[in-house]
Structures are given as C-alpha cells and as structure tokens.
Amino acid sequence: MEEEGDEEGEEQWDQIWNQGEQDYVAAAGSNTGGLDRMALNDNKAGMGNLDKERINKVIYEMSKGSKYYENEQRKEEQVKAKIAAQHKQIQSFDAREIEKSELQADAMLAAIEEMRDFSRTIVHIDMDAFYAAVEMRDNPSLKNIPMAVGGSAMLSTSNYEARRFGVRAAMPGFIAKKLCPDLVIVPTNFDKYRQVSKDVKEILLQYDPNMCPMSLDEAYLDITQHLAERKNFDAEQKTFRTADGEQRMFGVDAEDVVQEIRFRIEVKTQLTASAGIAPNMMLAKVCSDFNKPNGQYLIPFNRQAVMDFVKDLPVRKVCGIGRVSCSMLGAMGVVTCSDLFRKRGLLLKLYSAISFNYFLRVSAGVGSTSVQRGDDRKSMSTERTFAEINRPAELFAKCYELCEALVEDLKKENLKGKTITLKIKTIKYIVRTKAHSLLNATQDVQLLYSTARDLLRTEIRLCSPEPLRLRLMGVRMSNLSPASKSSDTQITIHQMLKKSRGEQKLPFGAVVSGADRFLSFMEQKDPYVDEDLPGANAFPDEVPHTSTEKDNTEFICPVCDEHPEDCVDLRTFNEHIDLCLFHTNDEKKEEKVEEKGEDFAFKCPVCCVVLKSPLDSFNAHVDACLNRSAIKEILSEESLSTPRKRSSGASPFPAKKPKTDGRHTLLNYFKSPK
DNA sequence: ATACATACC
DNA sequence: GACTGGTATGTAT
C-alpha cells in the first residue's frame, strides 16, 4: 500500500524530482546521531512543509539507547562495511576493464531494447491512505484531525493531517504520539478493509479479468483488451452516475478509462484512488505515486517519452530498489535511473547478472508487461512478537502454539510442506533462522512441531548456559505441495495406533495446564484418531482419561525425550528441563538416529507400540507421544513463577522424590495448589 | 540445502 | 517503557 514504510507524503514530487542527489546527501544524519536509517524517510516525495529537523530529532531522542536503536546501529555498520568493500573493489578496477564492461553492457542493453514493448496498457491502482481513509469514512469525526491506524507498537498508515507531523506508516505509535500529541490512533479493522478491497476488485475485474491484486489496496491491470473492446461501446456503457444520480460519461482513451475506474471506485466506496498508466508495470507503479492522492499520471507510449521520464527518476522510486540498494548505489554516484546507465560498466563488474540486468532494464525504463499473477504460493509462515520469553518451557510452548497456528493456515489452503524454518529474534533484535527439510511434505502439527522443536532446542543449547531471550518467534513452511489425502504417511501411524490402541496402556497421561490459552489444546481430540477412518471413534475423548490414566501422569521432557519418574510436579519438571538443557547435547540425538536403520521395526519408548515406518513418521509418532501433554503441563502459572535457576549438580535429573500416590496428578496439583 | 539480508505492503 | 507480520527473492556458503 502507498503508506508503506519507506514512503512518505504525497504532494507532487515536483521539487524533488530533479534533485535526487541533494536529497541523498541531505538525508545523512541530521539529528539522528548519524544514523541514516533512523531518519524520516522522505526520498520518494517532497514533504514540503515538514520540519524534518525536528522530526528526526524526536525520532532520535525516542530511540537512542534502546535495544532497537542499537540494533539499527549494528545494521548500519554492516551496510557501511558493504559499501567500503564495494569501494575497495571499485579501486581495483582499471579504466580499460570498465570500458570493456561497458561494451558488454551495451550488448545487453541492445537485447533489452529489442524486447521493449508498447503494445500493452498497464495500469497501477493504489488506494489513498487506504486504512486511514476507510476509518475516516466510517467515522467522520476523524476526518479533520491527525489520525493513524494501528497500535501503540506500530502504525499501519496515517491520514494526511498526521503526515504533516511526520507520522507515517511503519512508525511505532509511541513515537508518533511524541511527534503529534493530538494524534488519534485507531485499531486496525482488517475485515472491513478486506470488504472494501473486495468492492474495489469487483470494479477492476471488469477492466481486466486477470487483474493482479498486490495487497488490499493496490493492483495492476492490463487494460489493453478493454481498450480494444471499448471502441465499440455505446454511450450507456461509458456512462456512470454518482449516488445523487449525477451522470458522467467517459471517453475511450486509457486516461478516460482510468478516470472512469477511479470515479466508480469513489462512488462505490467513497474512497479515492490514484493510478499510473504506462507501457509496463515498473513505470505504472512509479506513476501511480506521482499525482497521489486522488490523481493519475500517464507516460506516453513511445521510447522518447519513457526515456525522458526515466532520465531524472531517482532510483529509490523504483520498486525493488530499497534503502540499502539506494545507499550502495548512491555511494558510487548513482542516484537517478540515467546514472544506472552512466555507470553500467562499473555496475556490471560489481553486481550479479540478475541484479545488473535488472538495473539495465530500469535504466531503459523497461519492465514487465505481463500482469499474470503467480498463483502458486511458495511459503506460509506465522510469527509473533511478545514480551520477553526466555524459559525453555515457555519457549517450547510458544513454538508449539505457532506450529498449531501454521498448520491451521496450511489446512485452510490444503497445503503441506517439506521445509520447516524456525525464526527467532532476540531481545537485542538479532534475527536468526534455522531450517530443516523433511523427506516428505506434511501438514501434521506433531511432525511440524517435532522439527521446529529440535531447531529451537539447538538454539537454546547454543547459547547455554545463558538463557535464550526472545522477543519474537516464527515458524515457516516452504517447499509446498497440495495436500493430497490418504497418501500421507501420518495415516499409517494413525492406523497403527488405532489397531494397537486397545492393548496398550494409553500413551498420554492426563493433561492439565494452568494457562488458559492451552485449555483448547487439552480438550482437543486425540490427534492420532483419524475420524475419517472407520472405527475412529472407538475411543472417544472422554474414555482415555480414566482415573487410572491420570494416576500415571508423566512429565515428558522435550529436551531429553525422557519422562523422569521423579518429576512429580511442575517445579521439579522445570528444573529437570533446565538441567537437561544444560547437560545434554546433540550426541544423544545422533545416537538415536543411528539406531534407526532402514526397515527397522521400532518400539516407541513412550507408548510401547511397535512401529515400522519411515524415520520421519516414527519421529513424529514419538514426539507426539512425548509432547502432547508435556509441553502444556510445564506452562502452568506455578511453573512460570518458579525462579529460573540451574543447579550445578552432575545429574541431569532433579533429586529423587518419593513417588506420590494417585491423587498427586497434575490435575489435582492444580485443583489444590500447595 | 541453509542462512541471512533486502524489499514490498 | 515502547519499533509488526506475511511473502518473495537475491546473495553467499
């Protein structure tokens, strides 16, 4: 959407259009402690009346010294280092090789020129300050006051009143409040935006059935076909009226069509949109920003017009060239698109073929003319920011929560995936990702979790004995494929378990969690009972948890995969996990893997069922047995309030305690806390 | 294949 | 005090 993080105000760029370089220089640390990336980002449009000095100072004052700011400094250093490395590389070139590269670049440019295409009319539609506009529409009292949509942690967008104060999308609410104490922050209402977006799309589809929405508030259209058909339209087909019945007839040119589209959007939604019309998507996108808000701009469909447009266009305006690329390019004197051409010899030597080709295309004003939307998603993920979590038990529980959420989403789209990626962000804002690919794609929570859990466990161990202190965790599934049904290996396990179930001691003990948010998990049906299969309900949920079973409640450690007998309550169990993390390493896991050769019938150490299945399936089974209850149990309020400590004892297990009688189940433990 | 960075909304 | 969440892709190893 146009209120994206690196974007800004929407007065015409007239002033800035021809002074990119100045802007770049001016951006460097004024009042921001020298940290360019902290500064208000105004490189895409003029923010004429803004007191940038003051705004940057406020942002800096609010941020300096924070963990966030320190991380930004770190990243800034990295970028500087990259620029320095680039500089060094540049110095190692001699003029002759640059000339040679220029010739090579010219050959590539000729090929690009060959592909230049003016046959398509591409339109980019972009709703103005979308979320804010919707909120203002539905609550007129917000209309003439500075307002933003989002929360105190982060804003999604702001209205134009607020932008005058420097309040913008991707700015934390508390800083925005500092910049503009009267700012009203309205919580996001996505359902509403989705509905409005749907209304807009309905209109757009009439001009291009293959229209490509990029988000709730923007879309690309190829109206070539419509323009051709429109020649035969009668007056009525080009006539639309306002709610008041006022009529308006539109012409047959691209600009007329876009006027019509924008008119219809406004009539239908009471919201304004801006639009760009150009021979390709790259240019159309830039154009839609040019006369924003509530305006449109067309680039004539000939080479000269395109080259004129691109000549002084700051590279930062181009979709795909962000803050960092802009800095890197700026460091070698590339600010406008024509600079990309001037420096093509150098760029060819510095950048990869992909990047260089992209730069050349940009310099020539050539972009994609095909608005086909790639309908195959590549990945799906869930991530959450939270107040610091550092205790392993809570980290594992959070991980499980995310896996559950992700699987729910996967199932909505009937997808399964092979590669699982765990993402963590420490309280210092350092982000790490760890990935592991399975042999087969899955959409099974237990299998997903068992993998994510291993990745998390490794991270916890890696920083041991220090706790892993996180502010965010995320789980992603990639390598996706459609989830066909019965071929899933999990089914095999389901069936096996069901077969043997009657003879087995039930694998799961009574499960109780003090945390409300896990109650639903506790109540959910046994994941190993597949209702779609006959006999699936032979053991309804209520039955397994007999009093006998409860008496056999076991605490399963997510680290060592054992259920130490002496863990009779959550406190001792937590101590066990901590010790376990401290004392064990991945050797144990390696051993286990070796044990499991091909074609090896293996007895689940938890539920005693003998399984003969692929390693991943077996692991899934064991992990399910191990974790179904354990992860939840350890999250009680009691456990959370237990001070975190690691004893230095040699044994990974807590001191042995006498086994309690049947009444000392987790359930009872919580019903009558000590 | 994995890790990390960049970019966009 | 306090700085998102989801997806794609490029780059390096």
Side-chain angles (χ1 to χ4, degrees), chain A residues 1-7 37-38 41 44 59 62-72 74-75 78-79 81-82 85 124 126-127 129-131 149-157 168-178 188 190 193 197 213-219 285 316 318-328 350-358 373-374 376-388 402 405-406 409 418-425 427-438 455 459 471-480:
Chain A
M1 67 177 59
E2 119 286 326
E3 47 272 1
E4 152 257 328
D6 290 334
E7 213 156 338
R37 57 192 304 130
M38 293 296 298
N41 225 312
K44 269 192 183 175
I59 294 174
M62 292 298 292
S63 302
K64 69 171 175 190
S66 68
K67 294 264 172 33
Y68 175 79
Y69 182 78
E70 279 168 21
N71 187 249
E72 288 301 299
R74 218 193 78 244
K75 289 201 276 187
Q78 277 178 20
V79 172
K82 265 165 87 174
H124 182 252
D126 192 339
M127 300 295 291
F130 187 49
Y131 299 172
V149 178
S152 63
M154 187 55 61
L155 302 180
S156 295
T157 187
R168 313 150 31 70
M171 176 180 278
F174 70 92
I175 288 178
K177 272 285 198 184
K178 207 76 172 182
T188 51
F190 273 104
Y193 312 145
S197 182
M214 301 304 287
S215 65
L216 290 182
D217 85 316
E218 85 181 54
K285 174 94 165 83
R316 187 63 179 82
V318 178
C319 186
I321 301 180
R323 204 170 29 192
V324 173
S325 306
C326 192
S327 292
M328 304 265 290
L350 286 172
Y351 287 86
S352 71
I354 290 172
S355 297
F356 179 67
N357 194 257
Y358 167 70
R373 85 162 143 290
D376 48 338
R377 84 150 64 236
K378 312 262 189 302
S379 73
M380 190 178 267
S381 65
T382 304
E383 69 185 52
R384 223 155 286 166
T385 296
F386 37 71
E388 174 173 353
L402 291 164
L406 179 56
D409 291 346
K418 282 176 84 160
T419 303
I420 290 141
T421 305
L422 177 79
K423 174 179 174 181
I424 59 176
K425 191 193 282 178
I427 57 164
K428 292 180 176 172
Y429 289 87
I430 292 166
V431 174
R432 284 199 290 270
T433 58
K434 297 286 162 183
H436 177 79
S437 294
L438 304 172
L455 297 169
E459 285 306 297
R471 70 174 344 262
L472 171 145
M473 192 186 296
V475 182
R476 172 160 66 249
M477 190 71 106
S478 48
N479 244 313
L480 301 177

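Numbered from 1 within each chain, the chains take letters A, B, ... in sequence-line order. Note that the structure is a prediction, hence the values are computed from the model and not measured.
Nucleotides of DNA chain C nearest to A/Thr382 and A/Lys178 differ in position, and the one nearer the 5' end is that of A/Lys178. With the nearest nucleotide of DNA chain B identified for both A/His124 and A/Val79, A/Val79 has the one nearer the 5' end. Across the interface with DNA chain C, nearest-nucleotide mapping of A/Asp376 and A/Lys425 shows A/Lys425 to be the residue nearer the 5′ end.
Checking C/dC3, C/dG5, B/dT6 against the side-chain heavy atoms of A/Leu472 singles out C/dG5 as nearest. Of all nucleotides listed (C/dC3, B/dA5, C/dA8), B/dA5 comes nearest to the side chain of A/Gln78. Relative to the side chain of A/Met380, the nucleotides B/dC8, B/dA3, C/dT7 differ in distance, and C/dT7 lies closest. The A/Ile175 side chain lies nearest to C/dC3 when the options are C/dC3, B/dA3, C/dT7. Side-chain atoms of A/Ser381 lie closest to C/dG6 of the nucleotides C/dG6, C/dA8, C/dG5. Of the candidate nucleotides B/dT6, C/dG10, B/dT2, C/dG10 has the atom lying nearest to any side-chain atom of A/Ile354. Residue A/Thr385 places its side chain closer to C/dG5 than to any other of B/dT6, B/dC8, C/dG5.
The aromatic rings of A/Phe190 and A/Tyr131 sit perpendicular to each other, their planes meeting at more than 60°, with 30° as the lower class boundary.
Among the heavy atoms of the strands lying under 4.0 Å from A/Lys82 are primed sugar atoms or P, OP1, OP2 only; no base atom is included.
Every residue was checked against the ring-ring contact (aromatic ring centres under 6.0 Å, His included) condition with A/Phe386, not counting sequence neighbours, and none meets it. With sequence neighbours excluded, no residue forms a side chain to side chain donor-acceptor pair (under 3.5 Å) with A/Lys67.
Look at A/Arg323 and you won't find any side-chain N or O under 4.0 angstrom from OP1 or OP2 of B/dA7.
On the P atoms, B/dC8 is 24 Å away from C/dC3, given to the nearest whole Å.
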